[in-house]
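Below is one structure; the comments refer to it alone.
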Amino acid sequence: MSINIVKPELLAPAGNFEKLQAALIYGADAVYFGGKNFSLRAFGDNFTREEILSAVDFTHARGKKIYAAVNVFAHNADLDALNDYLKFLDAAKVDAVLISDLGVLSLAKETNLKIHVSTQANVTNFQAAKFFSELGASRIVLARELSREEILTIKNFCAAELEIFVHGAMCISYSGRCWLSKFLTGRDANSGACTHSCRWKYNLVEETRPNEFFPVGEDVRGSYVMNSKDLCLLPYLDKVIQSGVASLKIEGRMKSVNYVAGVVKVYRAAIDSYFDNPNDFKIRDEWLDELDKVAHRPYTTGFFLSDGKPTEIYSTSKPKRSSEFLGIVRAFDAATKLATIEQRGKFEVGQRVEFFQPTGKTFSQTITSMRDENDEKIFSAPHAQQLVKIPVDEPLEIWSLMRS
Ligand code: SF4
């Protein structure tokens, strides 16, 4: 059977309202968010009901889509509140809900909401995909643990749309179905409270010597036996698109505005470039450079290529990035060429900075002077979210990011 290739949706994480705005302004076709309860990111900012209404308005005003993650595994005591929440999401005109639990799915079927089966449901074969489709799901977010060949087979046998992760952090266990965090800290990954215990540094302790930590050595820095690299399928984007999936998902509701903007802009440009000229599609160095600037662990292709390359990083669990996020451009005065920057990191006069724009080109310049909200001259911007004005060399789009 031949695969029908359509331009896939670029789906971005919206950890809060500002990240939702960044994702859409930098080129996402759709965003996903969690409410204050029932989504698997209990430590994220998440959205109140009032914020959900604003988020739906903001998204739909741009002709884009918004999905709510309701992907907890529910207990009996959760069901009344879940039912009420699903009815609210339906009335709010959210475009779909992401669900893992069959009980929640059955409640969602009593609304008009479209149902997307979350990756937490671990769909790894076409029979499971077909079954969820017959239960009423319009889209299946496949488990991350699948090769390209397996995705192609599922696509051939399943009527529902398929969504796959193309970028972001991975779980060492089966897409979050993990008891490590609950066992070590009491915080349950399956209820959205994961403490990322797989990223910790582990030693060996003998019970009568509780303060002696014997290194379990993978190298001189220690042992991070369960620390997964981050997924990045950009270098194989043509193969991803040719697999016929409907939606390409970026992980990271807990990540920064800088991460969301940078990763979304790269994948937006790459997807558009492929569809402009599929026969001459090439991965550009500038895209890979940008993915290196945002916080990440070493990249892996995960299970997509089934090439057997290691997907863990044993030397450190700390993500690295090659640029610092300093501020967001909130206004630009074309007459005076002054940009108003909302501070997010420390910067000062004389510093070399880069402006990363939603659609325009990235450029660098030196900060030659700075004024505060009272038009007083200042030399640095030490206060969080302080508004400062600086002269810029070129016109700037609102929502550009200033970085080191
Ligand atoms: S502890 Fe690690 S593997 Fe387990 S759910 Fe959390 S992030 Fe995933």
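Read the numbers this way: they start at 1 and go in the same order the structure lists the ligands and their atoms.
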State the atoms of ligand 1, each with its element, that fall below the 4.0 Å cut-off from a heavy-atom position in [X].
X	answer
Ser197	1 (S)
Ile172	3 (S)
Ala189	5 (S)
His196	7 (S)
Cys171	3 (S), 5 (S), 7 (S), 8 (Fe)
Cys194	1 (S), 5 (S), 6 (Fe), 7 (S)

In terms of side-chain geometry, is the basic nitrogen of Lys265 or Glu286 positioned less than 4.0 Å from the acidic oxygen of its partner?
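Not counted as a salt bridge, because no side-chain N and carboxylate O are separated by less than 4.0 Å.
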Side-chain ([X]) to main-chain ([Y]) donor-acceptor, under 3.5 angstrom:
X	Y	answer
Glu290	Trp287	no
Thr59	Lys65	no
Lys249	Ala12	no

Side-chain touch Leu237/Leu248, heavy atoms, less than 4.5 angstrom
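Answer yes - side chains close enough.
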With the side chain counted from C-beta on, respond yes when Val56 and Val94 share a heavy-atom pair under 4.5 Å apart, and no when they do not.
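Val56 reaches Val94 side chain to side chain.
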Does any N, O or S atom of Cys178, backbone or side chain, fall under 2.8 Å from atom 4 (Fe) of ligand 1?
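Short answer: yes, at least one N, O or S atom is under the cut-off.
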Within a radius of less than 6.0 Å around NZ of Lys64, do more than 12 heavy atoms belonging to other residues, nucleotides or ligands occur?
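Check passes, neighbour count above 12.
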Please determine if atom 2 (Fe) of ligand 1 has an N/O/S atom from Cys198 lying under 2.8 Å away.
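Short answer: yes, at least one N, O or S atom is under the cut-off.
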Under 4.0 Å, heavy atoms only, figure out whether ligand 1 is touched by the backbone of Ser173, its side chain, both or neither.
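The answer is both, backbone and side chain.
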